[in-house]
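Input: a single structure, listed below in structure tokens.
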Amino acid sequence: MRRTRRATLGLVGGVAMGALSGCLAPGGTGSGDGGTETRTHPSPGTDPDIETNDGETETATDDKTPTDTPGGLPDDLERVDSPPYEIEDIECNIDDSGEGDRDPLYLCANMSAEPSLSFEQVSTRGTLADEGLEFAPDNNDDQLYAALLTSADDIERFEDSGDAYRLAADTDFGSHAVLVVQTGWGSGSVLPHLKRIEETAAGVHAFGCYTQPCVYTDDFTARSTVARFERPDTLESGVVSLTVDPETRYNVATGEGVVTLDRSD
């Protein structure tokens, strides 16, 4: 596989990796299938309008917690904002072997790891069989998709293969649940990665970043991280916040369907 120096900002992704807890384990390795193109399909969002007793309709909202409706971010959270912590923009120094000395998780380095529910995660391509991102030629926009799996029946939504499937399939849904975060499109070596998963009044809020390796593969694919986490008392919805570069963070809620961000803005 041809390898290219310096990943383009905004590209997102992942290759199959072992189960992780919190930040990427030192010395971890990944494998991929080169330019394999993963095609999945978006799922429609939930209808945000509900009917009241007098026949009027109103929009389901929650001032304090995320919802499972389109546009379901909390009122105080923008789709795109700045990371709420300091990030040193570290340049790559490529040595004679063609490798760089920068920590691929430098965007997460100063992110708090606590408070967090305990969790494990696996990064992979694809993941969900009939929902999530769908490849479109000439689409250079960033896309996000998040979903909660809360019962054994939800395992049928997975593609039946790989470590991510096994992590989800082995879940005891009485004590744990699964969060799927899918991002696209770009190199399979730029991974979505979670550092902490906080309990909220209505569910969970996960925080993480994109890995930024100095050397990256030149494939073009969608990628996911699948996290099995300790189940809180209430689990109705979830929010994911991913730092994508030193100045930019993306936010998406579960139940929104595919969120597209125009990188030219």
Can you see which heavy atom on [X] is nearest to which on [Y], and at what distance?
| X | Y | value |
| --- | --- | --- |
| Ala206 | Leu179 | CB-CD2, 3.7 Å |
| Ala227 | Ile197 | CB-CD1, 4.2 Å |
| Gly132 | Gln182 | CA-OE1, 3.3 Å |
| Pro192 | Ser123 | O-OG, 3.6 Å |

**Study point:** Residue pair Glu131, Tyr145: steps toward the side chain to side chain contact (heavy atoms under 4.5 Å, CB included) verdict
**Key:** CA-CA 9 Å; Glu131 59 186 284; Tyr145 181 79; 2.5 Å; yes

Any sub-3.5 Å donor-acceptor pair from [X]'s side-chain atoms to [Y]'s backbone N or O?
| X | Y | answer |
| --- | --- | --- |
| Glu114 | Ser116 | yes |
| Thr211 | Leu191 | yes |
| Asp219 | Gly188 | yes |
| Asn110 | Tyr85 | no |

Find out whether [X] and [Y] are in side-chain contact, i.e. whether some heavy atom of one side chain is under 4.5 Å from a heavy atom of the other.
| X | Y | result |
| --- | --- | --- |
| Phe158 | Val180 | yes |
| Val204 | Pro232 | yes |
| Cys92 | Arg102 | yes |
| His193 | Leu105 | yes |
| Gln121 | Val226 | no |
| Met111 | Thr243 | yes |
| Tyr106 | Pro246 | yes |
| Pro74 | Val239 | yes |

Check your understanding: Are Arg79 and Glu256 within salt-bridge range, i.e. N to O under 4.0 Å?
Key -> yes

**Study point:** Intermediate values then yes/no, side chain to side chain contact (heavy atoms under 4.5 Å, CB included), Val122 and Thr225
**Key:** CA-CA 6 Å; Val122 172; Thr225 191; over 6 Å; no

Point to revise | Pairs meeting criterion salt bridge (charged side-chain N to carboxylate O under 4.0 Å, His left out) with involvement of residues 197-215, two or more places apart | key: Arg196-Glu198

Review point. Could you give all pairs that pass the salt bridge (charged side-chain N to carboxylate O under 4.0 Å, His left out) test and reach residues 165-192, with sequence neighbours left out?
Key: Asp163-Arg166

Review point. Stepwise, does the side-chain hydrogen bond (donor to acceptor under 3.5 Å, both in side chains) test hold for Thr217 with Ser187?
Key: CA-CA 6 Å; Thr217 56; Ser187 169; 3.2 Å; yes

Review point. In terms of ring plane angle, is the pair Tyr210 and Tyr250 parallel, tilted or perpendicular, where the classes change at 30° and 60°?
Key: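 Ring orientation, 0 to 90° scale: perpendicular.
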
Approximate separation, where rounding is to 0.5 Å, of [X] [atom1] and [Y] [atom2]:
| X | Y | atom1 | atom2 | value |
| --- | --- | --- | --- | --- |
| Arg228 | Leu117 | CZ | CG | 14.0 Å |
| Thr254 | Glu236 | OG1 | CD | 10.5 Å |
| Leu242 | Thr248 | CG | OG1 | 12.5 Å |
| Leu194 | Glu120 | CG | CD | 13.0 Å |
| Glu247 | Ile87 | CD | CD1 | 8.0 Å |
| Ser189 | Tyr216 | OG | OH | 8.0 Å |

Review point. Sequence neighbours excluded, which residues qualify as side chain to side chain donor-acceptor pair (under 3.5 Å) partners of His205?
Key: Ser241

Review point. Sequence neighbours excluded, which residues qualify as side chain to side chain donor-acceptor pair (under 3.5 Å) partners of Asp81?
Key: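 Here the qualifying residues are Arg249, Asn251.
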
Check your understanding: Are more than 12 heavy atoms from other residues, nucleotides or ligands located less than 6.0 Å from atom CD of Glu86?
Key -> no

Contacts of type side-chain contact (heavy atoms from CB on, under 4.5 Å), residue [X], not counting sequence neighbours:
| X | value |
| --- | --- |
| Ala169 | Ile155, Tyr165 |
| Thr260 | Asp141, Gln143, Val258 |
| Thr150 | Leu148, Asp154, Arg231, Leu235 |

Review point. Got a sec, which pairs hit disulfide (SG to SG under 2.5 Å) with one end in residues 175-213, sequence neighbours left out?
Key: Cys108-Cys209

Point to revise | side chain to side chain contact (heavy atoms under 4.5 Å, CB included) assessment of Leu261 paired with Val80 | key: CA-CA 9 Å; Leu261 296 164; Val80 180; 3.9 Å; yes

**Study point:** Phe229: ring pair (Phe, Tyr, Trp, His ring centres under 6.0 Å) partners, not counting sequence neighbours
**Key:**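 Residues passing ring pair (Phe, Tyr, Trp, His ring centres under 6.0 Å) with Phe229: none at all.
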
